[in-house]
Amino acid sequence: MMRKYTTQKTLVAVLLLLLSTQLVVGQQYKDLVYATAGDRNLLVDIYLPENSPNPYLVVWVHGGAWHSGSKENPPKGLLENGYALASVDYRLSVEAPFPAMAHDVKAAIRYLRANAKKYGYRSDKIIVAGSSAGGHLAALIGTTNGNRELEGTLGDFLTTSSDVQATIDLYGPTNFTTILSQSTPHGISVRAPALALLLGKPVEQVPDLAKLASPVYQVDPTDPPIFIAHGDQDIQVPINQSLELVGACEASNVKVQFEVVYGAGHGTQEYNQPEFTAKVVAFLKEVLK
């Protein structure tokens, strides 16, 4: 009898957990085609929070050294705080070199803004966010509102703005002209080939393209506010990369909040804690009000 009662309690607990999850995550739209590049469909997933009408939208850009990764399983912390979330796939460096991925993300933002009423989120203030290589792309998108060279011509909404109104950069590279000199021998062995694949040639052979791809060189006083976080134990991307972007923003009077995540490595669990998410939410509430 006791065993049967315990089993029933477990089933009830599981059911309550499922119900609570459904209260946080509302409607989902998977594998929406936001543009095509050749014969490649570019896809985005949209997640809406439950009981949060007309929320702000966060466009999530995944990491993976630009050559791997996907839109699947984005972090849900902001979704749980009432923000809509759009997770974007883009052409990887094994498919096309830079600036293809910047063109893709901007095309995704145009699509998402043009279809805001259809899916049920705000179009006036869009946040771009990402981690690692996705953090680099988020920072680049956030510092290049109106940049025709990075806008591209993908998709059906070329007259719609791809501007963003806030940026969240989690431990992303920011300056391709300095990152190798800041790296350990192991870091160089990993990053030099990834950068060469991204840019089409070793970074030292394409200095102008390396600067175009570096958020540090794109900062100007018109840029939207940016939240930057980096772990002090990150051995994959040197923390100096984030410090360079902080310095560039401060020099141009761009609002920047920099969080050193003490004890954190590259993409470690510290970034998934409620305390960290609360800092991001507080930043967004301040800059979007």
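Everything numeric here is computed off the predicted structure, so don't read it as measured data. Note: hydrogens, waters and symmetry copies are ignored here, and every other heavy atom, side chains too, is used.
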Open item on the list: If you define the side chain from C-beta out and look only at heavy atoms, does anything of Leu112 sit under 4.5 Å from Tyr34?
Closed with: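 Side chain of Leu112 against side chain of Tyr34, heavy atoms only: no contact under 4.5 Å found.
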Task: side chain to side chain donor-acceptor pair (under 3.5 Å) partners of residues 210-219, not counting sequence neighbours, each pair once - done: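 Only Thr177-Tyr217 qualify under side chain to side chain donor-acceptor pair (under 3.5 Å).
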Taking only residues two or more places apart in sequence or in another chain, which ones pass side chain to side chain contact (heavy atoms under 4.5 Å, CB included) with [X]?
X: Ser252; value: Val219, Pro221, Val254
X: Ala133; value: Trp66
X: Gln233; value: none
X: Asp89; value: His62, Ser70, Lys71

TODO: Check whether the ring centres of His136 and Phe176 lie less than 6.0 Å apart, and answer yes or no.
DONE: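 Here the rings of Phe176 and His136 have centres that are less than 6.0 Å from each other.
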Residues in salt bridge (charged side-chain N to carboxylate O under 4.0 Å, His left out) with [X], at least two apart?
X: Asp163; value: none
X: Arg91; value: Asp104
X: Asp223; value: none
X: Glu204; value: none

- [ ] If you link ILVMFWY side chains whenever their heavy atoms are less than 4.5 Å apart, which other residues fall into the same cluster as Val33? By chain and number, please.
- [x]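 Val33 clusters with Leu43.
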- [ ] Assess the side chains of Thr144 and Lys106: does a donor N or O sit below 3.5 Å from an acceptor N or O?
- [x]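 Side-chain D/A pair, Thr144 to Lys106: present.
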Open item on the list: Looking only at side-chain N and O atoms, does Glu244 offer a donor or acceptor that is under 3.5 Å from a partner on Asn175?
Closed with: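 Side chains of Asn175 and Glu244: pair found under 3.5 Å.
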Task: Partner residues of Tyr271 under the ring-ring contact (aromatic ring centres under 6.0 Å, His included) criterion, sequence neighbours left out - done: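 Tyr171, Phe276.
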- [ ] Write out all pairs satisfying salt bridge (charged side-chain N to carboxylate O under 4.0 Å, His left out) with one or both partners inside residues 250-270, taking only residues at least two apart or from two chains.
- [x]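 Of all non-adjacent pairs touching residues 250-270, those that pass salt bridge (charged side-chain N to carboxylate O under 4.0 Å, His left out) are Lys255-Glu286, Glu259-Lys279.
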